[in-house]
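Below is one structure, written out as structure tokens; comments come after it.
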Protein chains: 2
Amino acid sequence: MSKRPTSRDVARAAGVSQSTVSLVLAGKSEGRVKPETGQAVREAARRLGYRPNLAARNLRLGRTRTVLLVVPTLASPFFGAVYTGAARVAGERGFGIIVHPWNDDAVPARSPVDIEAIDGVLASSLGGGVTGMSEVPLVVLDNDPADPAPAVNFDVAGGMRAIAGHLTGLGHRRIGHLAAAVDAWTFRVRGEVLAEEAPVVCRATSAIEVTAARTAALTLLNRPDRPSALVCDDDLIAAGAYKAARALGLDVPHDLSITGFDDILVATALEPELTTIRLPAEELGARAMTALLERLDGHAPPDVSLPGELMIRGSTAPPRP
Amino acid sequence: MSKRPTSRDVARAAGVSQSTVSLVLAGKSEGRVKPETGQAVREAARRLGYRPNLAARNLRLGRTRTVLLVVPTLASPFFGAVYTGAARVAGERGFGIIVHPWNDDAVPARSPVDIEAIDGVLASSLGGGVTGMSEVPLVVLDNDPADPAPAVNFDVAGGMRAIAGHLTGLGHRRIGHLAAAVDAWTFRVRGEVLAEEAPVVCRATSAIEVTAARTAALTLLNRPDRPSALVCDDDLIAAGAYKAARALGLDVPHDLSITGFDDILVATALEPELTTIRLPAEELGARAMTALLERLDGHAPPDVSLPGELMIRGSTAPPRP
DNA sequence: AAGATGTAGTCATACGTATCACTAAACGGG
DNA sequence: CCCGTTTAGTGATACGTATGACTACATCTT
């Protein structure tokens with residue numbers, strides 16, 4: 001029933017003042033506290049199981065050394081990798097990082113920034129309400145460069161150009177576009193670039209989800225001028241395209257080439273493996289965290305754009321003559 | 001450059017005392033503050049863009065109304081669903097929820113509980129160090145019932161029995177087990193139950209990852225007494241088994257039946273779709289959060305065990321005679 | 001008319017920490 | 001032997017909030 005011990009309890013146990021405890025445990029006792037006194041304090045703290053009260057520390061210091069990563073969904077290998085990169089950089093600089101899922105459908109009682117005391121936010125541009133939390137230092141992932149918020153982006157246009165070049169190089173002249181039904185810069189760009197660089201003859205949109213994508217793909221593949229290749233905005237949508245092809249008895253890649261975007265796990269779980277753009281998600285996370293920490297230091301880091309890499313696998317081949 | 005406004009700034013702007021601001025904004029002004037004064041306070045707060053300082057509030061109240069969900073990895077649809085269920089219950093009770101990935105390889109500077117002030121923890125038994133944070137109210141997901149920590153579990157044994165029954169019912173007499181190379185109760189149980197209920201003739205272990213699973217599956221399928229069915233500890237491992245079968249020219253399900261566990265996204269992205277156990281992950285999250293909130297109220301909720309559901313799909317069939 | 005009750009607030013304080021300003025003792029130099 | 005410096009600490013305070021105790025005034029009740 002005993003309350004959690006405070007630094008004052010430790011002080012009492014060690015026979016010193018609370019100030020001394022604070023100094024010792026903060027590692028600032030250099031030349032101000034005798035080594036043996038320091039040992040005694042540490043020993044007492046250990047014995048009592050003392051853990052500093054974070055709320056008090058945060059209040060006193062006016063900062064938390066913690067940043068918030070806002071992701072549209074937890075169920076994403078992609079954001080898992082972003083987290084890994086961000087966490088590495090944060091850890092090196094003594095920052096903690098917590099994650100909060102946030103999207104349009106969820107109507108949470110509290111906005112992510114109202115849940116915990118944090119110093120800054122790293123937010124995905126997918127998902128809602130990012131704009132509403134501009135009072136706190138913010139770096140946005142994959143944001144429209146026209147937006148004033150500092151951004152760390154992929155070179156989505158370059159990636160899509162690579163896909164278009166690959167397919168036209170193989171000889172494809174009728175390309176279908178399976179677009180993500182999400183209103184975000186990163187997907188708008190994919191559509192625009194593809195339309196410029198490749199002979200897109202038809203298009204459908206789908207939620208980023210397998211069965212919806214299957215349905216959307218079927219509408220394209222059932223058209224009289226069936227495309228010889230489907231360019232998908234996302235690997236998951238590509239997985240739906242595979243299912244549609246299978247349903248119609250089309251062989252991938254010889255009857256139909258399929259491409260994805262992101263190179264998440266399913267890309268290599270599919271058969272044949274998916275030709276897609278590998279985005280360096282982990283590096284994105286690292287760069288974004290670096291930019292955010294710069295911002296916390298009062299600097300204004302430039303926007304960043306990271307190139308992707310075309311992964312040519314088994315799902316693309318020249319069209320049948 | 002102006003600092004963030006405090007409740008005192010709001011008080012000054014509205015011409016009242018700080019106490020009154022606190023009362024009004026906490027909604028406790030019933031009968032203690034004139035409605036028009038309340039309006040003035042709210043108006044001033046809005047105008048100044050006041051947001052309460054969470055660190056100060058947490059310090060004063062001694063609690064945060066926030067719980068921490070510790071997951072082994074972000075890249076998991078499964079834990080995404082757990083989160084959804086937990087967040088729903090938390091929201092209904094006015095609690096916030098933050099997420100922290102935590103596993104053995106990551107060597108973060110700070111333990112999850114040292115990053116933010118929280119009231120309790122919901123932790124996956126996978127991943128490391130859960131045991132080290134027992135000073136805080138805790139509920140563990142899928143934990144060994146022998147462990148003293150309160151747990152909310154799946155009926156893993158029942159699920160595995162269902163798979164064993166399904167396969168032996170189809171006539172399989174030589175079953176291979178592709179186990180997860182993770183030392184955790186939930187996987188140990190799978191192995192034990194399967195060995196009891198089905199004719200397991202061989203076994204291999206693999207990391208929960210596609211290519212590693214493919215390699216492990218190949219060692220089983222290349223044996224002289226090749227099994228007619230592979231039971232996989234996890235859907236992702238099953239995806240690797242598909243690839244191994246494909247590499248050997250084996251038809252799924254007629255040359256080789258494959259089963260998974262979890263029913264995550266890839267289960268239906270695979271071709272043919274995977275027979276697996278659907279675990280009610282969202283309900284698990286909800287029940288676990290309910291149990292944790294009970295604990296925070298000083299109660300001691302009983303352990304829970306949730307049944308899974310056998311999803312029979314295209315990856316299982318009778319063996320060739 | 002005088003005490004009781006109600007209304008509309010204000011005052012003071014504590015939560016636990018980190019840090020600046022201070023002090024008491026020991027020591028060394030001239 | 002006295003003053004300046006170093007050593008080893010201590011005391012007081014502020015961070016911003018929530019809340020129990022208090023007050024001043026107005027309105028009933030008998």
Side-chain angles (χ1 to χ4, degrees), chain A residues 2-42 44-45 48-66 94 114-119 135, chain B residues 2-42 44-45 48-66 94 114-119 135:
Chain A
S2 60
K3 301 287 301 170
R4 202 167 135 185
T6 73
S7 62
R8 216 172 301 269
D9 297 325
V10 175
R12 208 167 305 143
V16 297
S17 74
Q18 183 264 330
S19 325
T20 304
V21 172
S22 185
L23 284 175
V24 169
L25 297 184
K28 297 188 178 169
S29 50
E30 199 63 34
R32 296 175 54 80
V33 175
K34 245 190 301 184
E36 61 206 65
T37 311
Q39 270 312 314
V41 167
R42 268 182 286 269
L48 298 183
Y50 168 72
R51 328 201 63 154
N53 181 316
L54 290 175
R57 168 179 293 174
N58 292 343
L59 173 59
R60 169 68 225 238
L61 294 180
R63 74 207 142 83
T64 60
R65 295 189 83 76
T66 298
D114 286 336
I115 292 195
E116 277 291 347
I118 45 150
D119 287 348
E135 324 89 5
Chain B
S2 60
K3 301 286 302 169
R4 204 168 134 183
T6 73
S7 62
R8 217 173 301 268
D9 297 325
V10 175
R12 208 167 304 143
V16 298
S17 73
Q18 182 264 329
S19 324
T20 305
V21 172
S22 184
L23 285 174
V24 168
L25 297 183
K28 297 190 176 164
S29 51
E30 199 63 35
R32 297 174 52 80
V33 175
K34 245 189 302 184
E36 60 208 64
T37 310
Q39 268 312 313
V41 167
R42 267 183 287 269
L48 297 183
Y50 168 72
R51 328 201 62 155
N53 180 315
L54 291 175
R57 168 179 293 174
N58 292 342
L59 174 59
R60 169 71 226 232
L61 294 179
R63 69 202 148 83
T64 59
R65 295 190 83 77
T66 299
D114 286 335
I115 293 196
E116 277 290 348
I118 46 150
D119 287 348
E135 323 87 7

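Protein chains get the first letters and strands the later ones, always in sequence-line order, with residue 1 at the start of each. Because the structure is a prediction, the values reported are computed rather than measured.
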Polar pairs (N or O, both sides) under 3.5 Å between protein and nucleotides 23-26 of chain D?
none

(message) Between A:Asp9 and A:Thr6, is the side-chain contact (heavy atoms from CB on, under 4.5 Å) condition met? List the steps.
(response) CA-CA 5 Å; A:Asp9 297 325; A:Thr6 73; 3.6 Å; yes
(message) Assess the residue pair A:Thr66 and B:Glu116 against the criterion (side-chain contact (heavy atoms from CB on, under 4.5 Å)); give the C-alpha distance rounded to whole Å, side-chain angles, the decisive distance to 0.1 Å, and a yes or no.
(response) CA-CA 8 Å; A:Thr66 298; B:Glu116 277 290 348; 3.5 Å; yes
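Not one N or O on the side chain of B:Arg51 forms a donor-acceptor pair closer than 3.5 Å with the backbone of A:Asp114. Looking at A:Arg4, its side chain does come within 3.5 Å of a backbone N or O of A:Pro52 through a donor-acceptor pair.
Computed from coordinates, the B:Arg51 CZ to D:dT17 P distance equals 13 Å when rounded to whole Å. Between the CZ atom of B:Arg8 and the P atom of D:dA14 there is a distance of 11 Å, rounded to whole Å. Here C:dG16 presents its P atom at 10 Å from CZ of A:Arg4, a figure rounded to the nearest Å. For the pair B:Leu54 CG and D:dT17 P, the interatomic distance rounds to 10 Å; values are reported in whole Å. In this structure, CG of A:Asp9 is placed 13 Å from C1' of C:dT17, rounded to the nearest angstrom. Nucleotide C:dA14 holds its P atom 13 Å from the CG atom of B:Leu59, rounded to whole Å. Regarding A:Gln18, its CD atom lies at a distance of 7 Å from the C1' atom of C:dG16, rounded to whole Å. B:Arg65 places its CZ atom 16 Å from the C1' atom of D:dT17, with the value rounded to the nearest Å.
For the atom pair B:Leu59 CG and A:Asn53 CG, the distance stands at 6.0 Å (nearest 0.5 Å). Atoms CD1 and CD1, from A:Ile115 and B:Ile118 in turn, are 13.0 Å apart once rounded to the nearest 0.5 Å. Distance check, rounded to the nearest 0.5 Å: CD of A:Glu36 to CD of A:Gln39 gives 10.0 Å.
Annotation: of the two residues near DNA chain C, B:Gly38 and B:Leu61, the 5′-most nearest-nucleotide partner is B:Gly38.
Using modelled atom types and a 3.5 Å distance limit, the side chains of B:Ser22 and B:Ser19 yield no donor-acceptor pair.
Non-hydrogen atoms lying under 4.0 Å from DNA chain D are contributed by A:Ser19, A:Thr20, A:Arg32, A:Val33, A:Lys34, all within residues 19-36 of chain A.
Ranking C:dT10, C:dG9, D:dT17 by closeness to the B:Thr37 side chain, first place goes to C:dG9. Side-chain atoms of A:Val16 lie closest to D:dT10 of the nucleotides C:dG16, D:dT17, D:dT10. Closest to the side chain of A:Asn53, out of C:dG16, D:dA18, C:dT10, is C:dG16.
A pairwise comparison of heavy atoms in A:Val16 and A:Thr37 identifies CG1-CG2, 3.8 Å as the closest pair.
Distances shorter than 4.0 Å separate none of the side-chain N or O atoms of A:Thr6 from OP1 or OP2 on C:dG16. Contact check, B:Arg57 against D:dA18: a side-chain N or O comes under 4.0 Å of OP1 or OP2. Under 4.0 angstrom from either OP1 or OP2 of D:dT17 there lies at least one side-chain N or O belonging to B:Ser7.
Residues passing the side chain to side chain contact (heavy atoms under 4.5 Å, CB included) test with A:Ala40, sequence neighbours excluded: none.
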